[in-house]
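Structure record follows, encoded as structure tokens.
Below, each value reflects all heavy atoms present in this structure, side chains not excepted, and no hydrogens, waters or symmetry copies. Given the structure is predicted, the values throughout are model-derived calculations rather than measurements.
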Amino acid sequence: MSKYSQDVVRMLYEHQPEYISGQYIADQLNISRAAVKKVIDQLKMNGCHIESINHKGHLLKQLPDQWYSGIVNPIIEQRHIFDYVDVMSTVDSTQLKAKQALVGNQDSFIILSDEQTKGRGRFNRYWRSTKGKGLWMSVVLRPDVPYAMIPKFNLFMALGIRDAIQQFSKDEVTIKWPNDIYIDGKKVCGFLTEMVANYDAIEAIICGIGINMNHDPSDFDEEIQHSATSIRIHAENDFNRYEFLDVLTQNIERRYQQFLTVPFEEIREEYIDATNMWNKQLRFTENDKQFIGEAIDIDHDGFLMVKDDEGQLRRLISADIEL
């Protein structure tokens with residue numbers, strides 16, 4: 001790909017729905033019109049739907065389902081909590097890449113990829129991260145907070161992700177405590193939070209987020225078609241991945257600032273209202289032990305309160321839960 005491709009696609013994207021001339025692009029980048037045409041032709045070959053009309057210019061009508069750093073970077077530059085974003089075509093795992101990038105690095109950043117070949121969720125479960133279908137990213141943040149606050153981070157992030165997806169879904173978006181997001185009873189997102197710490201301080205939080213954005217029902221493996229969904233399936237209009245990334249990172253930033261500045265108690269009722277686990281018999285797995293019970297509350301520390309089938313009250317900080 002030409003070194004000018006990201007600049008050209010950014011200009012085309014920012015000028016939608018207007019045409020811009022090859023001469024304008026050439027002047028902005030200080031290159032020849034022939035070089036601009038070469039870049040435009042290359043973008044078309046890569047799947048960008050660009051309409052080119054003599055004496056009128058070029059119009060970006062549709063992008064392929066992939067991330068272009070030329071468009072992603074200006075979005076992330078608006079977020080005050082991140083220093084940069086690293087956009088990749090394919091990785092084994094954004095979470096692993098984020099951990100590797102921590103070496104000698106004190107920044108807060110995002111690793112964003114079109115595809116993961118070894119994506120993992122909670123309990124080391126495989127997460128299929130198909131190219132062009134989803135949002136696969138890891139967020140690295142540097143909160144100066146005590147260890148005791150870390151479990152509550154998930155609860156703030158869940159609300160942020162829920163808020164973002166709800167803006168694009170015509171159906172209700174809910175949370176399954178503590179790390180899953182659902183639409184209409186089916187899972188659309190899972191996220192995994194890991195902490196990097198030394199003996200006396202937290203060095204970083206790495207939050208890996210996987211969101212099914214563009215899947216059709218037939219894109220899911222047969223064994224999960226009954227339990228998985230995507231934003232596109234529930235969207236009222238055409239789904240723009242860049243608009244979604246913008247909204248998602250806005251909400252992550254807002255909820256992260258809340259996490260740093262307000263007690264969980266202030267958002268507790270909001271979280272409870274967003275949760276989809278009440279008045280149901282559920283199967284819980286905690287430390288490899290299973291039991292049946294009913295979720296009855298989330299306490300002031302963010303722990304899930306469960307009454308098991310023997311009538312005992314249990315206080316969970318983490319568990320695998322089957323709805």
Side-chain angles (χ1 to χ4, degrees), residues 13-14 16-17 60 62-68 71-82 85 87 94 110 112-114 129 132-139 141 153-193 207-217 219-220 228-259 262 266-277:
Y13 184 80
E14 291 175 348
Q16 288 177 307
L60 178 62
Q62 185 176 349
L63 283 164
D65 285 326
Q66 69 183 76
W67 297 114
Y68 282 94
I71 305 174
V72 171
N73 283 329
I75 292 172
I76 303 306
E77 286 170 2
Q78 298 177 70
R79 311 283 88 84
H80 300 299
I81 61 173
F82 299 116
V85 57
V87 181
T94 61
I110 293 175
L112 178 67
S113 182
D114 281 316
S129 311
K133 294 294 182 178
L135 182 143
W136 326 121
M137 77 176 187
S138 289
V139 171
L141 296 165
F153 175 85
N154 282 340
L155 310 182
F156 284 88
M157 285 300 104
L159 283 173
I161 298 168
R162 188 282 309 259
D163 294 343
I165 295 174
Q166 188 65 77
Q167 290 192 43
F168 293 82
S169 171
K170 65 182 184 295
D171 300 308
E172 184 180 18
V173 183
T174 59
I175 298 168
K176 189 185 84 170
W177 178 95
N179 294 80
D180 293 333
I181 311 297
Y182 279 64
I183 305 177
D184 199 23
K186 295 184 178 182
K187 185 173 177 178
V188 68
C189 166
F191 64 99
L192 170 67
T193 300
C207 184
I209 302 171
I211 301 177
N212 299 329
M213 290 197 305
N214 293 315
H215 299 70
D216 294 316
D219 290 320
F220 296 111
T229 191
S230 73
I231 300 174
R232 181 183 293 278
I233 292 170
H234 300 272
E236 292 182 339
N237 303 305
D238 290 341
F239 185 68
N240 183 312
R241 61 172 42 215
Y242 294 97
E243 289 179 7
F244 178 69
L245 179 66
D246 188 19
V247 170
L248 177 64
T249 53
Q250 284 182 52
N251 279 281
I252 286 175
E253 182 172 60
R254 180 169 71 91
R255 294 296 185 173
Y256 180 62
Q257 296 295 348
Q258 274 191 329
F259 165 71
V262 305
E266 290 197 18
I267 60 120
R268 176 172 166 267
E269 288 300 325
E270 182 183 7
Y271 189 92
I272 288 173
D273 289 342
T275 303
N276 61 10
M277 299 163 51

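- For the pair Q258 (side chain) and F156 (backbone), a donor-acceptor distance under 3.5 Å is absent.
- Side-chain atoms of N251 and I161, non-hydrogen and from C-beta on, never get closer than 4.5 Å to each other.
- Between I181 and I175, the shortest heavy-atom contact is CD1-CG1, 3.9 Å.
- With contacts defined as side-chain heavy-atom distances shorter than 4.5 Å, the pair R241/L63 does not qualify.
- At a cut-off of 3.5 Å, with distance as the only test, no side-chain donor of D163 or Q167 sits close to an acceptor on the other residue.
- The CG atom of N179 sits 8.0 Å away from the SG atom of C207 when rounded to the nearest 0.5 Å.
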| Does the pair N154 and W177 meet the rule for a side chain to side chain contact (heavy atoms under 4.5 Å, CB included), with working shown? | CA-CA 9 Å; N154 282 340; W177 178 95; over 6 Å; no

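- Within the 4.5 Å cutoff, side-chain heavy atoms of I211 are placed close to those of L248.
- Checked by atom type and distance alone, the side chain of Y242 pairs as donor or acceptor with a backbone atom of Y68 at under 3.5 Å.
- Separation of atoms CG (L159) and CD1 (I252) is listed at 12.5 Å; rounding is to 0.5 Å.
- Atom CZ in F82 sits 6.5 Å away from atom CD1 in I76 (nearest 0.5 Å).
- A search for side chain to side chain contact (heavy atoms under 4.5 Å, CB included) contacts involving A228 returns F220, I224, not counting sequence neighbours.
- Residues L155 and F259 fail the side-chain proximity criterion, which asks for heavy atoms closer than 4.5 Å.
- Checking side-chain atoms of T249 against main-chain N and O of D246 turns up a donor-acceptor pair under 3.5 Å.
- For the atom pair N212 CG and C189 SG, the distance stands at 8.5 Å (nearest 0.5 Å).
- Within the model, atoms CG of D273 and CD1 of I267 stand 11.5 Å from one another, a figure rounded to the nearest 0.5 Å.
- Listed here is the closest heavy atom pair of A235 and K170: O-NZ, 4.2 Å.
- In this structure, the side chain of E253 engages the main chain of H80 through a donor-acceptor pair within 3.5 Å.
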Derivation and outcome, side chain to side chain contact (heavy atoms under 4.5 Å, CB included), residues Q250 and R79: CA-CA 7 Å; Q250 284 182 52; R79 311 283 88 84; 3.3 Å; yes

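- Evaluation of the side chain to side chain contact (heavy atoms under 4.5 Å, CB included) rule for Q62 yields H49 as partners, not counting sequence neighbours.
- When all heavy atoms of M137 and L112 are compared, the closest pair comes out as CB-CD1, 3.7 Å.
- With sequence neighbours excluded, no residue satisfies salt bridge (Lys or Arg N to Asp or Glu O under 4.0 Å) with K186.
- Scanning all heavy atoms of the two residues, the minimum distance from F191 to M157 falls at CE1-CB, 4.1 Å.
- I233 places none of its side-chain heavy atoms less than 4.5 Å from the side chain of I183.
- The shortest side-chain heavy-atom distance between V188 and I231 falls under the 4.5 Å cut-off.
- In this structure, the separation between NZ on K187 and CG on D180 is 3.5 Å, given to the nearest 0.5 Å.
- When all heavy atoms are compared, the tightest approach of F239 to F168 is CE1-CD2, 3.7 Å.
- In this structure, I165 and F244 have side chains that are in contact, with non-hydrogen atoms separated by less than 4.5 Å.
- When all heavy atoms of R162 and A274 are compared, the pair lying nearest together is NH1-CB, 3.1 Å.
- No side-chain heavy atom of K133 sits under 4.5 Å from any side-chain heavy atom of D65.
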